[in-house]
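None of the values given here were measured: they were computed from a predicted structure. When a ligand or atom number is given, it counts from 1 through the structure's own listing order.
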Amino acid sequence: MRGFIATVPDALVPGTGPRPVWIMKPFEFLKQGEAAATVNPSLWRQAQLNAIHGLFKVTERVYQVRGFDIANMTIIEGDTALIVIDTLSRAETARAALELYCAHRPNKPIGTIIYSHNHSDHFGGVRGLTSEAEVAAGKVRILAPVGFMEAVIGDSVSAGVAMSRRAQYQFGILLPPGPRGLVDTGLGKALARAPVTLIAPTDIVDTNMDKRVIDGVEIVFKLVPGSEAPAEMLMYFPQFRVLEMTEDVTHTMHNLYTIRGSEVRDGNLWSRYIGEALETFGEGTDIVIAQHHWPVAGQARVADLLRKQRDLYKFINDQSLRLLNEGYTPAEIAETLRLPASLQQEWSARGYYGTLRHNAKAVYQKYLGWYDGNPANLDPLPPVESARKTVEYMGGADAVIARARLDFAKGEYRWVASAMKEAVFSDPTNRAARELGADALEQLGFRPKPARGAMPISSPPWSCAMACPGFPLAAL
Ligand SMILES: [Zn+2]
């Protein structure tokens with residue numbers, strides 16, 4: 001709440017139809033202090049923080065609108081006009097965020113829009129802030145990191161159909177908000193409901209550490225391609241002693257592999273960029289901001305956050321590599337890897353968005369690809385044929401379901417979900433199999449934490465959680 005100025009009730013952004021584009025009201029259930037039994041308490045806390053919305057003063061001339069979309073809008077007051085970093089994901093939410101700012105600050109036109117990276121929650125609202133005609137007339141210029149348009153096309157066009165379909169599941173778009181439904185995405189509350197817009201950038205930042213003065217505001221652009229996005233940049237504002245870490249440093253463990261599907265990310269490079277930012281700008285920074293979540297103020301706290309995020313991605317990369325070089329497969333590495341105690345207790349290292357398991361598998365994918373080296377997995381039967389044979393060998397669907405019910409009662413939800421996958425693929429009309437499978441997946445949603453009893457492959461000093469099964473594990 002630091003720097004809070006004002007908001008509008010429920011952060012309501014109406015749409016043209018009956019459903020609003022954005023509204024926080026359905027998340028009021030989070031006001032209850034105690035976590036619901038169906039939600040991991042750590043996620044509950046994150047969901048409460050992500051429900052805060054409004055206009056915030058970061059420092060002199062630097063403002064943020066948060067909680068009006070899944071991402072943040074950062075507004076820098078130039079000498080004559082505004083510099084807006086990121087446009088939120090939809091024109092409607094972007095316009096509402098700008099209106100909130102304008103209601104409480106002296107009115108200035110937008111002179112510059114900066115796209116921090118190529119994900120749509122950072123550029124999709126641009127037509128709520130300006131028009132193609134204004135941009136063509138040179139009234140508003142749009143800056144973006146090198147490779148921006150190519151990366152947008154890669155994500156949103158080439159694989160766009162599949163990726164947006166899968167994103168509906170990743171972000172729980174069709175789930176009703178509530179303690180048994182949509183609680184949070186980890187990065188922010190939810191996805192807004194409206195089309196994504198785009199205006200191509202007019203000015204590309206293609207030199208690392210490019211120093212520019214835009215309308216009286218000094219900005220150092222640090223290019224970080226191939227970290228959280230293929231085209232991405234950090235920004236440092238020496239006048240304001242503010243470091244903008246975009247989406248490379250947030251208050252969650254991010255994704256090396258995002259389950260909506262996307263090219264796998266390089267944890268080693270990501271970590272290196274954070275380290276470089278800390279070394280280059282750390283001493284000159286009093287406040288770190290990002291395009292999700294809240295700022296951190298105070299030089300020591302800034303350095304602490306950056307160090308831990310740097311170490312987080314480095315650890316996942318290096319330890320997954322160590323295990324894959326020892327011959328372990330993705331599922332085995334995911335089952336084994338635990339964060340060291342120094343990171344396990346860190347809020348910002350917790351898996352509210354990415355998870356340690358997905359990320360460990362991502363490292364394997366990056367270096368070795370999808371094949372785990374077992375020739376039986378090189379060219380197996382496709383899912384339907386395989387499921388029919390499997391269920392037949394297991395004594396038929398009824399026998400499989402009967403045994404799965406016993407395992408469900410014992411809490412073996414991961415296995416029940418796998419067994420019911422076979423039953424459903426062998427016969428999609430089998431309602432009992434579908435419902436038991438859905439129940440198992442629902443329980444996994446309620447209890448998102450690693451199963452107990454996983455055996456450590458080796459006993460390195462960082463596997464403390466393995467030795468204490470009651471330890472509050474961070475991964476969600
Ligand atoms: Zn984002």
Worksheet item: At the Zn ion (ligand 1), what's the angle from His122 NE2 to His292 NE2, rounded to 10 degrees?
Response: 100°
Worksheet, complete the sentence: Here the vertex angle at the Zn ion (ligand 1) for OE1 of Glu247 and OD2 of Asp121, given to 10°, is 170°
Practice prompt. Could you confirm whether His119 has any N/O/S atom lying under 2.8 Å from the Zn ion (ligand 1)?
Written response: no
Worksheet entry | Name of the residue among Ile199, Leu143, Val205 meeting side chain to side chain contact (heavy atoms under 4.5 Å, CB included) with Tyr115 | Ile199
Discussion item. Walk me through whether His292 and His254 qualify under ring-ring contact (aromatic ring centres under 6.0 Å, His included).
Written reply: CA-CA 11 Å; His292 290 273; His254 211 291; 7.3 Å; no
Practice prompt. Look at atom CZ of Arg180 and say whether more than 12 heavy atoms of other residues, nucleotides or ligands are closer to it than 6.0 Å.
Written response: no
Worksheet item: Do Lys189's NZ or CZ and the ring of Phe27 fall within the cation-pi criteria of under 6.0 Å and 45°?
Response: yes
